[in-house]
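For ligands, and for the atoms within them, numbers begin at 1 and follow the listed sequence.
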Amino acid sequence: MIYKNFIGNQWVSALGGQVLPVLDPSDGQLFAEIARSGEADIDSATHAARKAFEGKWGAMAPAARSRLLWRLSAALLDHQEELARLESRDTGKPMKQAMADAAAIARYFEFYAGAVDKLHGTTIPYPSDYTVLTVREPHGVTGHIVPWNYPLQIFGRSVGAALAAGNACVVKPAEDACISLLRVAEIAAEVGLPAGALNIVTGLGIEAGAALAAHPGIDHVSFTGSPGTGRQVAQAAAGHFAPVTLELGGKSPQIVFSDADIEAGLPVWLNAIIQNAGQTCSAGSRLLVQRAIYADVVGRLSELFRATRTGAASDDPDCGPLINAKQLERVRTLLGTADGSGITVAAQGALDPSAPKTGFYQVPTLLSDVPPDHSLAQDEIFGPVLAVIPFDTEEQALHIANSTAYGLVAGVWTQDGARQMRFARKIRSGQVYINNYGAGGGVELPFGGTGQSGYGREKGFEALYGFTTLKTIAIKH
Ligand code: NAD
């Protein structure tokens with residue numbers, strides 16, 4: 001099967017005629033090909049988007065735009081299983097995770113459909129012979145560079161908000177996982193989205209991705225991925241002063257005090273790192289545990305890690321394969337740095353004997369006694385590897401929690417209300433969960449980071465401010 005680009009509601013081959021192979025992470029075998037696009041394809045999609053923005057799509061009344069997005073949301077739910085199957089095959093994610101992701105994209109469009117006609121401006125007190133008001137206007141054509149870990153969800157959160165705000169979109173999915181998004185674009189056309197409002201161009205990051213970030217016809221760029229690529233995208237967009245939203249991952253801590261409800265925490269701490277095989281920007285990848293309960297928590301978590309089953313996505317295991325051989329190699333190299341450092345491999349999960357030998361499998365791994373300054377406690381691993389770190393005092397816990405270059409999500413586990421709030425305020429993080437952990441939480445919750453985790457906010461109503469620009473109008477009577 002060869003998947004083409006979707007531009008102006010038409011399937012079109014890459015203008016250079018080239019394709020890229022798509023491998024199934026569960027067995028490492030080729031199962032499809034996608035268009036390998038370049039500058040000319042991005043240019044064509046950007047023109048189609050501009051035409052839509054200046055034409056039918058841009059002229060549509062908010063209520064009509066809202067109804068269209070409701071219809072899309074409902075259609076996505078009707079296709080939930082089909083989308084989940086495509087996503088599961090392409091990314092290696094277990095079906096139950098893929099089903100949740102397919103439900104989440106529908107929920108994003110539902111949420112933003114309801115917000116379209118509630119995006120009000122304000123009036124501003126000024127001398128009485130004036131009326132001053134603000135209006136929120138779409139940027140125009142927005143570019144979206146999507147990673148491979150949650151194509152459906154990340155597309156939903158950024159494209160849902162961008163379309164709701166009235167922009168026309170050009171999307172460059174990750175070369176490793178774009179097939180579900182091509183189907184979403186087709187469904188959008190089927191429910192009546194005008195030609196050019198949503199365009200998908202596949203290809204390599206250094207080719208199609210770089211061309212999108214640098215294209216002068218792109219008025220705003222939303223990027224999710226690695227810090228290094230995020231910097232390149234921001235620099236390219238700066239060439240034509242396009243604003244950028246960057247969501248660059250994390251090394252998110254969960255801090256467990258000795259008064260915490262361990263029973264409630266254990267399944268959450270496990271899931272926060274094995275969900276999507278740890279390939280989650282907001283994975284709870286560091287667990288800071290107070291000394292008095294440290295041995296108990298490590299012991300009980302070890303049992304849970306050992307009980308996990310890793311295998312092919314189609315078998316719906318606890319943990320699927322990683323996305324590709326490069327990612328597996330990266331995780332293994334980082335794990336290798338534990339040797340001779342005093343870090344203990346406290347427990348590992350089991351690999352299903354029937355998992356194909358050619359798949360990209362890393363079993364869930366629990367590391368204890370990880371020094372806070374070790375790379376395993378500092379760097380984003382993007383695999384099912386949890387670093388457990390002991391601490392004694394609240395002050396020390398805060399210092400360790402804030403000691404990485406990232407600041408995306410944090411969890412605090414304690415019954416002490418004052419300590420909950422002290423931590424919530426002092427921790428450097430875009431989201432803080434108290435006695436729970438959301439890995440980004442529901443679609444309603446604004447999400448984004450500080451420091452190396454990036455800037456700007458997506459999700460929730462807040463995202464609509466990022467996908468619009470504010471105009472002030474002063475009328476002298
Ligand atoms: P990446 O940042 O290179 O890729 C993310 C997206 O950016 C993809 O669509 C890719 O095609 C595109 N891209 C790559 N180079 C580009 C360029 N020069 N200009 C414009 N777009 C470009 O990530 P990766 O190489 O796939 O993964 C490497 C690491 O990044 C992972 O190990 C993980 O730590 C991190 N990562 C984080 C997230 C996240 O959700 N924050 C997602 C994916 C990867």
Of the options R157, H144, E458, which is the one that meets T224 in a side chain to side chain donor-acceptor pair (under 3.5 Å)?
-> R157

Mode of S226 contact toward ligand 1 - side chain, backbone, both, neither (heavy atoms, under 4.0 Å) = both

Of F223, Y406, W148, F382, which has the heavy atom at the shortest distance from atom 38 (C) of ligand 1?
-> F382

Should you measure from each heavy atom of E175, which atoms of ligand 1 turn up under 4.0 Å away?
-> 10 (C), 11 (O)

Go through ligand 1 atom by atom and flag the ones less than 4.0 Å from a non-hydrogen atom of E247.
-> 41 (N)

Quick one: is the NZ or CZ of K459 closer than 6.0 Å to the six-membered ring centre of F447, and within 45° of its axis?
-> yes

Does an N or O from R330, backbone or side chain, lie closer than 3.5 Å to an N or O of ligand 1?
-> yes

Tell me, yes or no, whether the heavy-atom count around E39 atom CD, taken from other residues, nucleotides or ligands under 6.0 Å, exceeds 12.
-> no

In ligand 1, which numbered atoms sit nearer than 4.0 Å to a non-hydrogen atom of C281?
-> 39 (C), 40 (O), 41 (N)

Among A174, G205, G225, G278, the residue with a heavy atom nearest to atom 14 (C) of ligand 1 is G205

Do the side chain of R50 and the main chain of G217 share a donor and acceptor less than 3.5 angstrom apart?
-> yes

Below 4.0 angstrom from a heavy atom of K172, which ligand 1 atoms are there? Numbered from 1 as shown, please.
-> 9 (O), 10 (C), 11 (O)

With sequence neighbours excluded, give me every side chain to side chain donor-acceptor pair (under 3.5 Å) pair touching residues 95-105.
-> K93-D101, Q97-D101, D101-Q153

Short list, please: which atoms of ligand 1 are under 4.0 Å from a heavy atom of L248?
-> 41 (N)

Which of the atoms of ligand 1 are close to G249, meaning less than 4.0 Å from one of its heavy atoms?
-> 41 (N)

Centroid-to-centroid, W269 to Y433, below 6.0 Å?
-> no

Could you name the option among D379, L204, T229 that has the heavy atom nearest to atom 16 (C) of ligand 1?
-> T229

Between P227, P147, A214, which one has a non-hydrogen atom sitting closest to atom 43 (C) of ligand 1?
-> P147

Is there at least one protein heavy-atom neighbour under 4.0 Å from atom 4 (O) of ligand 1?
-> no

Are any of the N/O atoms in V146 less than 3.5 Å from those in ligand 1?
-> yes

List every atom of ligand 1 that sits less than 4.0 Å from any heavy atom of A210, numbering the atoms from 1 in the order shown and giving each element.
-> 19 (N), 20 (C)

Side chains of S37 and N5: do they bring a donor and an acceptor to under 3.5 Å?
-> yes

Crowded around H240 NE2? As in, over 12 foreign heavy atoms under 6.0 Å?
-> yes

If you draw a 6.0 Å radius around NE2 in H374, do more than 12 non-hydrogen atoms from other residues or ligands fall strictly inside?
-> yes

Could you tell me if the ring centre of H220 sits under 6.0 Å from that of F467?
-> yes

